[in-house]
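A short worksheet on the structure shown next.
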Amino acid sequence: MTSLPASSRSKRRTSPAWLSSPLASQIKAPLVCIGLTLALWQFLAQFNSEGFPGPINVISQTWDPYIIHPFFDDGGTSKGLGLQLLISLQRVAVGYSLAAMVGIGAGLAIGLNRFLRRGFDPLIQVLRTVPPLAWLPISLLLFQQADTAAIFVIFITAIWPIIINTAVGINEIPQDYTNVARVLRLRKRSYLRDIVMPATAPYVFTGLRIAIGLAWLAIVAAEMLKADGGIGFFIWDAYNAGGDSSTSQIILAIVVIGLVGLTLDRLVGAVGNLVAKGGN
Amino acid sequence: MTNAFLTVDNVTRSFSLPKGGEYVALKDIDLQIAEGEFISLIGHSGCGKSTLLNLMAGLDQANTGGILMDSRQVTDPGPDRMVVFQNYSLLPWQTVRQNIALAVNNVMREASDAEREERIEASIALVGLAQAAHKHPGELSGGMKQRVAIARALAIRPKLLLLDEPFGALDALTRGNLQQQLMQICQQAGVTTVMVTHSVDEALLLSDRVVCLTNGPAAGIGQIVKVNLPRPRQRLEVMEHPDYYKLRTELINFLQQQRRLKQHRQTISTSVATPAAAGVPPAATRKVRIGYLPGLDVAPLALGLERGFFRDRDIQVLPVVFHRWQQLEEQLRSGELDLAITSASAPLALNLGLQGQPAWPAITPMTVTRSGNAICLARRFAELQVGSLASLADHLKGRAARLRLAIGQQGSMQDLLLRHWLASGGIQPDQQVDLQVLSPLAMQAALVAGDIDGFIAGRYRVAKAVESGLATVLATDLDIWSNHPEKVLTCHEGWAARHEALLLDLCAGLIRAGQICEDGGQHDNLVRALSQPQWLGSDSAVALQRQFQLGNAADSGRRLPLNRYHSDRAHVANSAEGAWILTQFSRWGWSAFPSNRLELLGQVYRNDLCSSALERAGLPALRPERQPIPLACGRPFDQDDPIGYLEQLPFSAGTTQAVVPLASAEANRSFAVP
């Protein structure tokens, strides 16, 4: 019964086998849609008198050195995209790690202690809505140094979802598990290790995933305003240079930022899945 | 049971509702569990079975009362009371072995690693999961998860194993196998077990006793069924045991009766709610007509009226005097009386429609008096050396003439007590005795005229006959059933539902008056109140005065016990006492024993109203005891086994059971709603 409709379909459609392979069928739709979008862009760029590049121009204008030599270093601020990215990622790594450590710790404390939860909740609710760039002036005043200030902005932007999600995760530990802990009279350490941490891990990683997105968002903005290196700086620098290929450089940088952001998001998601694998 | 391992003592658990007010889940639960016993809790959903289990586990605390295990109060959860939760509660991020190890390592902290390891492996092997030990719960089937949960529970050797619907989510085949396994494991380990279940068959297969909970709110223990099937039990063998279906029917009956009772309460309350919703204002004058027969039993009514306990609450009480019980009942049935102080057996007799009457849905919200009866014989019997039950039986042996005794009403409490007393002495009341129904007021005259040889009546009448030198007391309540319910308040179920607030106020007044009646220092007031013409008459004052002294003085010969008006839980509307009354109706062949007795008793004995009335009177609520009722004849009455009781009674007409159609509240009386 099950093989019948399959065979009849293959008879009707005489497409090659590779086109119906799972990988191809997954790629097909995005390939077509993105291709159409690029074509439309290229088509519209023809009519632009200001010289706004189409996709082909973008690639040709940035091919050398930005695409094929991502790690060139001419000294000063003239560096390849790859090096600029590394600078940004370094800042994100420091700021985000600090946010994760402090955020999970604070989230645990707030989740486990009713007094702290009630006391800090209004503060957290207000501060989490503050846009990343609003922190920058204070941060500069505090640290005087552009690099540290950028790291602080990342930290302060990324920390809220981590705190909130960790605390919610603790609140949402199923009654069943706490009942087991109560009946067995688990010690505090064992309770944290065997019940609280595994049960809240999925929530913590949801927080971490939201946080990495925010951190990436914040670093580009912070670097555009005040920095001497990094992918945000690269965009701003290209804009200020105003050369023929400036627009193409900016567009290339935007694509790279997007791809890196996506990669970071997926990376944290994958780690989360790996850690919380036992859950459910 | 003094050697109880686990004692649930008078536990009430209520939850406050978000909208204010509170929901009473469990009320006055008393339960004693012996060591090694397997108990099942059964009842409809929402009746608080799991709440009770959580209380035993210590996961939840009772509002009043407490739970003792091994003579220590249960205040918090602990591994000596291990729970197998409804949805297994295995930690999904740990393997089977880790789940069990977590419990073992936490509980056996002093043991060596090798010992713990051994215990863990043994537990896994016990439930046959050695192959799955490395798997996570998510990879296991429901039955396997349940086995892990049981293994985890047993691994730490709890003293008490608590199972919350352990097999609820499993398919029939798995369930059957697991039940068998659980039974074997529990028996080997000898662990005391309490299991919540929905399944009657499961309860019967596994349990030593099945505790049936009544409907919530305020669920209580409705019945405890002993399962005396031989162990070890095998599923199929158990089902073939002759007692199995009897027990099964009993449990299913209980559940069905509870369901009907719930529906019945709902229909009553909706039918009452409708006129109010239609905007009919409540009657402005709260006028109540209460029927009574003069006697010491009406003292609370008399005193309550005199003290204005009813006027206080805007109730105008119109007492209506009768001289014959039959007339009183006729007027109650016809609706000319709202309420009556009747014999304690009257509400059930009215519901069953004894003596060819149509069934009438009577209820009783409270007991008015207890005890206060005596049996007396004409003086000439004393001259014949007949001074006790034994000598009376000897006297009657071989005589053709029947003993002529007067009772106030057939089927009344006095009739039942007299018959029970005679029968316990080997006298068959229907053959050797001629029981005549007489007005209590005419008994003394009949004794003088020689129409009767003796009578059973209240203390006042008997004492008068004794003082006039006409009779001698042969027995009192103490010789039959001390503290038996004598007079109760009786009314129509529908009337009670429509006038609940009024009824509660009235009961509260009677309760407050009863409190005073029992106070020895108030006897003068009591005499003054009772000697009013509408009660016992002015000529009773001197007699009453003397009688109260007679009752208290130790040396005045035979001491007549005083009526109980208040103390010793006097007011409780106790359905266990009703069950005894039902056995007597059946014993003397007046009606088949109702197989739906719990439904009937639940409908008639409204201790919920009694509790509310006590609350209105500012007194703590009373709860009926579940202990067997000790009767003087030496055969205690256990409300959970009325048929067994009936079987061992002398002169029992039979133990036929039948479903009694219950009188519906709306069928027999239409209400004149102004």
Side-chain angles (χ1 to χ4, degrees), chain A residues 100 104 107-108 111-114 117-118 121 162 165-209 268-280, chain B residues 50 53-61 74-109 134-140 145 148-149 152-165:
Chain A
I104 291 174
L108 278 175
L112 290 171
N113 188 309
R114 181 191 274 253
R117 182 162 69 242
R118 288 194 180 159
D121 188 60
I162 300 176
N165 276 278
T166 308
V168 167
I170 288 173
N171 270 321
E172 299 285 305
I173 294 176
Q175 182 83 51
D176 293 349
Y177 304 152
T178 43
N179 276 348
V180 170
R182 288 175 66 197
V183 170
L184 291 176
R185 288 210 186 117
L186 290 190
R187 289 179 175 173
K188 198 85 189 166
R189 237 179 62 196
S190 168
Y191 176 61
L192 280 176
R193 191 188 58 219
D194 295 314
I195 310 263
V196 173
M197 305 241 269
T200 44
Y203 289 86
V204 172
F205 274 93
T206 309
L208 286 174
R209 210 166 153 178
V268 176
V271 173
N273 283 342
L274 206 71
V275 172
K277 196 180 167 192
N280 306 318
Chain B
S50 295
L53 202 75
N54 281 344
L55 288 171
M56 290 179 186
L59 289 167
D60 192 10
Q61 298 301 315
V74 171
T75 50
D76 57 341
D80 53 344
R81 282 157 282 125
M82 187 61 190
V83 188
V84 175
F85 296 94
Q86 204 162 358
N87 33 16
Y88 324 125
S89 291
L90 300 174
L91 305 180
W93 47 82
Q94 297 193 336
T95 62
V96 168
R97 181 178 281 112
Q98 284 171 330
N99 262 293
I100 295 173
L102 180 69
V104 171
N105 291 339
N106 248 285
V107 176
M108 299 172 63
R109 279 172 195 152
H134 60 279
K135 286 189 177 165
H136 284 93
E139 301 166 84
L140 303 179
K145 279 190 233 179
V148 178
R152 177 174 67 180
L154 290 170
I156 57 173
R157 303 286 141 88
K159 290 181 187 161
L160 178 66
L161 183 63
L162 300 165
L163 305 159
D164 195 352
E165 285 186 44

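Everything quoted here is computed from the prediction, not taken from an experiment. The analysis underlying the following values was restricted to heavy atoms, covering all of them including side chains, and did not include hydrogens, waters or symmetry mates. Every chain is numbered from 1 and lettered A, B, ... according to where its sequence line falls, protein lines coming before strand lines.
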**Qualifying residue, where the test is ring-ring contact (aromatic ring centres under 6.0 Å, His included) with A:Y177 and the options are B:Y88, B:W93, B:F85** = B:W93
Using heavy-atom distances under 4.5 Å, tell me whether [X] contacts chain A through its side chain, its backbone, both, or neither.
{"X": "B:I156", "answer": "side chain"}
{"X": "B:A57", "answer": "neither"}
{"X": "B:R152", "answer": "side chain"}

**Message:** Nearest 0.5 Å, please: how far is CG in B:L102 from CZ in B:R97?
**Reply:**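 Between B:R97 CZ and B:L102 CG, I get 14.5 Å after rounding to 0.5 Å.
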**Atom group of A:A201 that falls short of 4.5 Å from chain B, counting heavy atoms** =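 Neither part; nothing is under 4.5 Å.
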**Prompt:** Do other residues, nucleotides or ligands put more than 12 heavy atoms under 6.0 Å from A:R114 CZ?
**Reply:**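 Counting neighbours around CZ of A:R114, 12 or fewer heavy atoms of other residues, nucleotides or ligands fall under 6.0 Å, so no.
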**Asked** Under a 4.5 Å cut-off applied to non-hydrogen side-chain atoms, are A:I173 and A:I195 in contact?
**Response** yes
